[in-house]
Amino acid sequence: MGRLFVLTLEGKIYSCKHCGTHLALCEDVVSKSFHCRHGKAYLFNKVANVTTGETEERMMMTGLHTVADIFCVKCGSIVGWKYETAHEKSQKYKEGKSVLERFKISGPDGSNYWTSHEAYVAGGSDADDV
């Protein structure tokens, strides 16, 4: 497989809750108002230590988007998705940005976000206000 290259981020970080790999910095959070199947999700300007899956069209709460799932480079866990294309003009700001599902990551203080059954959102995942 080859040697695994993992970046170590400096500052307040979000990391994979399964293996602790650094994924993003607090300063790169664009919005904490996103939602996914497991509850909250955060939109980031940039993320690190992820691999990108195949792109696909998904109907989300704010319309049709071309997205790709993103995976932790170390353990392979799905941690969120990346917006490749937003088909509606009002959603173009999402292009090139990534969403990390709060359920899949540890916060800067080491805390985990635990979901409840009430947090389940049927259908696509997306922001309802930014």
Side-chain angles (χ1 to χ4, degrees):
M1 175 175 146
R3 183 173 284 201
L4 184 63
F5 181 74
V6 178
L7 292 174
T8 300
L9 303 177
E10 298 288 329
K12 293 184 177 182
I13 58 158
Y14 289 93
S15 56
C16 175
K17 85 171 191 181
H18 299 288
C19 69
T21 299
H22 295 180
L23 298 175
L25 293 169
C26 281
E27 61 197 49
D28 289 321
V29 173
V30 175
S31 174
K32 293 184 176 182
S33 299
F34 280 60
H35 299 277
C36 65
R37 271 175 266 170
H38 302 290
K40 291 184 176 184
Y42 297 168
L43 181 68
F44 288 85
N45 271 321
K46 57 185 174 182
V47 295
N49 300 319
V50 297
T51 56
T52 306
E54 297 291 317
T55 59
E56 64 181 12
E57 301 289 320
R58 282 192 199 152
M59 181 56 74
M60 297 185 168
M61 293 167 61
T62 56
L64 185 64
H65 295 81
T66 304
V67 299
D69 287 333
I70 54 176
F71 304 86
C72 173
V73 73
K74 187 172 180 183
C75 70
S77 296
I78 184 169
V79 291
W81 68 90
K82 180 178 181 179
Y83 287 101
E84 299 293 340
T85 307
H87 298 283
E88 298 192 24
K89 189 175 179 180
S90 67
Q91 301 301 307
K92 292 288 187 185
Y93 74 94
K94 296 176 183 175
E95 291 182 347
K97 294 179 175 58
S98 298
V99 171
L100 294 179
E101 297 182 34
R102 193 63 184 91
F103 178 68
K104 307 280 182 88
I105 60 176
S106 294
D109 58 358
S111 65
N112 287 321
Y113 175 81
W114 301 105
T115 187
S116 66
H117 294 290
E118 295 84 42
Y120 180 78
V121 177
S125 317
D126 214 351
D128 28 18
D129 63 328
V130 176

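Among all heavy-atom pairs drawn from H22 and L7, the shortest one is CB-O, 4.1 Å. Nearest heavy atom pair, residue M59 against residue L64, reads SD-N, 3.7 Å. Here the closest heavy-atom approach between residue A68 and residue T52 is recorded as CB-CG2, 3.4 Å. Considering all non-hydrogen atoms of both residues, Y14 and P108 come closest at CE2-CD, 3.5 Å. Here the closest heavy-atom approach between residue H18 and residue S77 is recorded as CD2-OG, 3.1 Å. Considering all non-hydrogen atoms of both residues, C19 and K74 come closest at SG-CB, 3.9 Å.
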**OP:** Carefully, step by step, assess I70 and L100 under the rule side-chain contact (heavy atoms from CB on, under 4.5 Å).
**Re:** CA-CA 9 Å; I70 54 176; L100 294 179; 3.9 Å; yes
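Surrounding NZ of K92 are more than 12 heavy atoms belonging to other residues, nucleotides or ligands, all under 6.0 Å away.
To the nearest 0.5 Å, the span separating OG on S98 from CG on L43 amounts to 8.0 Å. Atom CD of E27 and atom CG of N45 lie 10.0 Å apart (nearest 0.5 Å). In this structure, SG in C16 is found 9.5 Å from CD1 in I105, a value given to the nearest 0.5 Å. Atoms CG and CG, on L9 and L23 in that order, are 8.0 Å from each other to the nearest 0.5 Å. Note that the CH2 atom of W81 and the NE2 atom of H65 stand 10.0 Å from one another [nearest 0.5 Å]. C26 contributes atom SG, which lies 9.0 Å from atom CG of D109 (distance to the nearest 0.5 angstrom).
With hydrogens and angles ignored, the 3.5 Å screen pairs a side-chain donor or acceptor of K97 with a backbone N or O of Y93. In this structure, N49 contributes its side chain and V6 its backbone to no donor-acceptor pair below 3.5 Å. Remark: side-chain polar atoms of K40 are not paired, donor with acceptor, to backbone N or O of K32 under 3.5 angstrom. Under a 3.5 Å cut-off, the side chain of D28 and the backbone N or O of F44 do not form any donor-acceptor pair.
The same ILVMFWY cluster, assembled from side-chain heavy atoms under 4.5 Å apart, contains both V29 and V47. The hydrophobic clustering, which links ILVMFWY residues whose side-chain heavy atoms are closer than 4.5 Å, places M60 and V99 together.
Partner of T66 under the side-chain hydrogen bond (donor to acceptor under 3.5 Å, both in side chains) criterion, out of E95, E84, E57: E57 alone.
Inter-residue side-chain proximity for K82 and V50 is flagged as unmet; no heavy-atom pair is nearer than 4.5 Å. R58 has its side chain within reach of D69: a pair of non-hydrogen atoms, C-beta onward, lies under 4.5 Å apart.
Both tests hold for K17 against F103: distance to the six-membered ring centre under 6.0 Å, angle to the ring axis within 45°.
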